[in-house]
Protein chains: 2
Amino acid sequence: MNEKFFSLPKEKQQCIINAGYNVFSQNSYKKSPMSEIADAAGISKSLLFHYFRNKKELYLYLWDEGARITTEYMTRHDCYKKADLFEMMERSMKAKLEIMRIYPNLATFTLKAFYEKDPEVHDDIQKSFANYFSTKAQNAIEGLDPDDFVPGTDLRLMYREMYWTSIGYMWEMMQQGEIDADRLEKDFSDMLAFWKKIFLKEINQGDGSSD
Amino acid sequence: MNEKFFSLPKEKQQCIINAGYNVFSQNSYKKSPMSEIADAAGISKSLLFHYFRNKKELYLYLWDEGARITTEYMTRHDCYKKADLFEMMERSMKAKLEIMRIYPNLATFTLKAFYEKDPEVHDDIQKSFANYFSTKAQNAIEGLDPDDFVPGTDLRLMYREMYWTSIGYMWEMMQQGEIDADRLEKDFSDMLAFWKKIFLKEINQGDGSSD
DNA sequence: ATCGGTGTTGACCGGTTCGGTTAAAGTCGG
DNA sequence: CCGACTTTAACCGAACCGGTCAACACCGAT
């Protein structure tokens with residue numbers, strides 16, 4: 001890729017990157033035209049090809065950049081320092097929310113890229129994924145103390161439920177159009193408070209009605 | 001559309017319909033080529049156009065048929081006769097599972113069609129939706145007795161959570177490939193048992209381990 | 001064998017879109 | 001006015017799209 005891309009003003013860079021996340025997160029790799037991305041970024045197709053040699057290069061750059069951004073924000077929010085589950089979730093939520101204010105479709109792009117089957121990029125993505133994420137193995141369920149939770153709670157199910165809820169929420173928001181970070185923040189903190197209430201043992205006993 | 005389609009063996013009809021659900025549920029309307037659907041159905045594009053005059057006709061037929069199938073199975077499983085929430089959910093789960101064994105991608109297609117923005121079909125879908133579903137208003141939350149649930153449970157949040165979990169689960173399964181109905185049945189009944197346990201007041205107190 | 005009807009297809013059409021290139025236009029400091 | 005840099009319109013050949021059509025395969029009746 002062309003180094004001149006990096007000497008663009010940060011704003012313009014983000015604009016192009018977001019255009020990519022936007023288009024690639026809504027269509028498969030093959031059905032995501034470069035022209036559409038260029039339009040979304042407000043530049044000409046030629047210029048896009050000036051910065052990125054071809055579509056694959058752009059796609060893989062977006063993937064790498066996504067991983068970089070994610071780990072950067074996660075680190076900054078202490079998401080890799082062990083704490084109790086909900087503390088971790090709260091931090092991670094804060095991190096991802098901050099990301100989403102700048103790159104609204106990064107999360108969806110990453111998720112979709114991970115499942116992308118097109119042979120032109122599949123192998124590269126999978127290989128890269130193994131590098132980036134498996135090192136920081138997210139075995140969040142292991143190492144949880146069952147005594148912290150309501151007796152009889154299946155921690156594995158609890159975790160999956162929370163995971164799928166997040167995905168389902170994001171999918172539906174995305175279908176409706178651009179993601180509204182403020183609304184997302186409210187919805188997710190509601191969700192998190194809700195989970196605390198139903199899963200944690202006795203955090204919310206002496207709690208009156210505070211607004 | 002050509003009436004001869006209906007005199008095809010049921011098997012072949014379902015095969016074509018499923019090919020449609022498959023392709024349309026993975027791409028937007030505009031980016032779902034008829035050729036791809038024909039291939040997925042194992043017939044030639046010409047024959048597909050022989051049965052359906054054009055793409056729009058096929059799309060709207062799939063939508064109508066989807067609504068018909070859904071209400072048929074839901075009625076057969078007494079999903080419209082009021083009962084308590086989890087009984088209703090169990091019935092509706094059974095119904096949708098039975099559907100999914102025959103039309104694995106109907107649910108995803110319907111959800112996606114509902115949000116389809118292409119002007120060529122948007123209005124027809126929305127108009128039809130108003131007809132089909134708003135009549136049987138799914139105000140499932142209203143009319144619930146809070147006393148049945150763990151004290152302090154926010155019923156609205158509970159409902160949304162279960163809804164999004166379902167969507168998130170289905171989205172992820174779909175990304176991985178064809179949906180495995182058996183696994184889905186197990187996962188969802190696990191999920192339902194889990195919800196009962198955490199949301200319902202005292203259904204599972206005197207329960208030993210019976211299999 | 002042949003005729004007609006039915007189910008099915010390959011080949012084709014005109015238009016559009018695709019990834020990617022190129023030559024030239026705009027822009028700006030000196 | 002120059003030269004270097006940024007940006008684009010116009011273009012290219014190939015592929016793809018929705019849709020058509022003439023013909024092929026099959027089959028029962030003649």
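The shown structure was predicted, so the numbers you read here are calculated from the model rather than taken from an experiment.
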If I take atom NZ in residue A/K4 and atom C1' in nucleotide D/dA4, what distance separates them, rounded to the nearest angstrom? 9 Å
Could you work out which one of C/dG20, D/dG19, C/dG7 sits closest to the side chain of B/N54? D/dG19
Figure out the CG/P separation between A/D118 and C/dC18, and round it to whole Å. 15 Å
Is the closest basic N to carboxylate O distance between B/R101 and B/E98 below 4.0 Å? no
Counting distance alone, no hydrogens or angles: does the base of C/dG10 have a donor or acceptor under 3.5 Å from a partner atom on the side chain of B/S46? yes
How long is the line joining CD1 of A/I37 and P of C/dC18, in whole Å? 11 Å
Taking any heavy-atom pair under 4.0 Å as a contact, classify B/S32: base, sugar-phosphate, or nothing. sugar-phosphate
Roughly how many Å is it from CD in A/E57 to C1' in C/dG20, rounded to a whole number? 13 Å
Candidate nucleotides D/dG19, C/dT9, D/dC17, ranked by approach to the side chain of B/L47 - the nearest: C/dT9
Of all the nucleotides listed (D/dG18, C/dT9, C/dT22), which has the minimum atom distance to the side chain of B/K45? D/dG18
Separation of C/dC18 atom C1' from A/L48 atom CG, nearest Å, is 14 Å
Test applied, ring pair (Phe, Tyr, Trp, His ring centres under 6.0 Å); reference residue, A/W164; option that passes from B/Y163, B/F194, B/Y169, B/W164: B/Y169
From the list C/dG19, C/dG7, D/dG18, which nucleotide is the closest neighbour of the side chain of A/M34? C/dG19
Might you work through the side chain to side chain contact (heavy atoms under 4.5 Å, CB included) test for A/L8 and A/Y51, ending with a clear yes or no? CA-CA 10 Å; A/L8 249 49; A/Y51 293 130; 3.1 Å; yes
When rounded to whole Å, the CZ to P distance for the pair A/F49 and D/dA10 reads 18 Å
For B/I102, is there any backbone N or O sitting under 3.5 Å from a side-chain donor or acceptor partner on B/N18? yes
Atom-pair distance (CD on B/E3; C1' on C/dT6), nearest Å: 17 Å
By nearest atom, which of the nucleotides C/dG19, D/dT7, C/dT8 is closest to the A/Y51 side chain? D/dT7
Nearest listed nucleotide, side chain of B/S44, among C/dT9, D/dT7, C/dG19: C/dT9
Quick check for you: among D/dT8, C/dG19, D/dG18, whose closest atom lies nearest to any side-chain atom of A/P33? C/dG19
Measure the distance from NE2 on B/H50 to P on C/dA11 and round it to the nearest whole Å. 20 Å
Looking only at side-chain N and O atoms, does B/K55 come under 4.0 Å of OP1 or OP2 in D/dG19? no
Position toward the 5' end of DNA chain D (nearest nucleotide), A/G42 or A/K31: A/G42
For B/S25, which of B/T110, B/L62, B/T108, B/L106 qualifies under side-chain contact (heavy atoms from CB on, under 4.5 Å)? B/T108
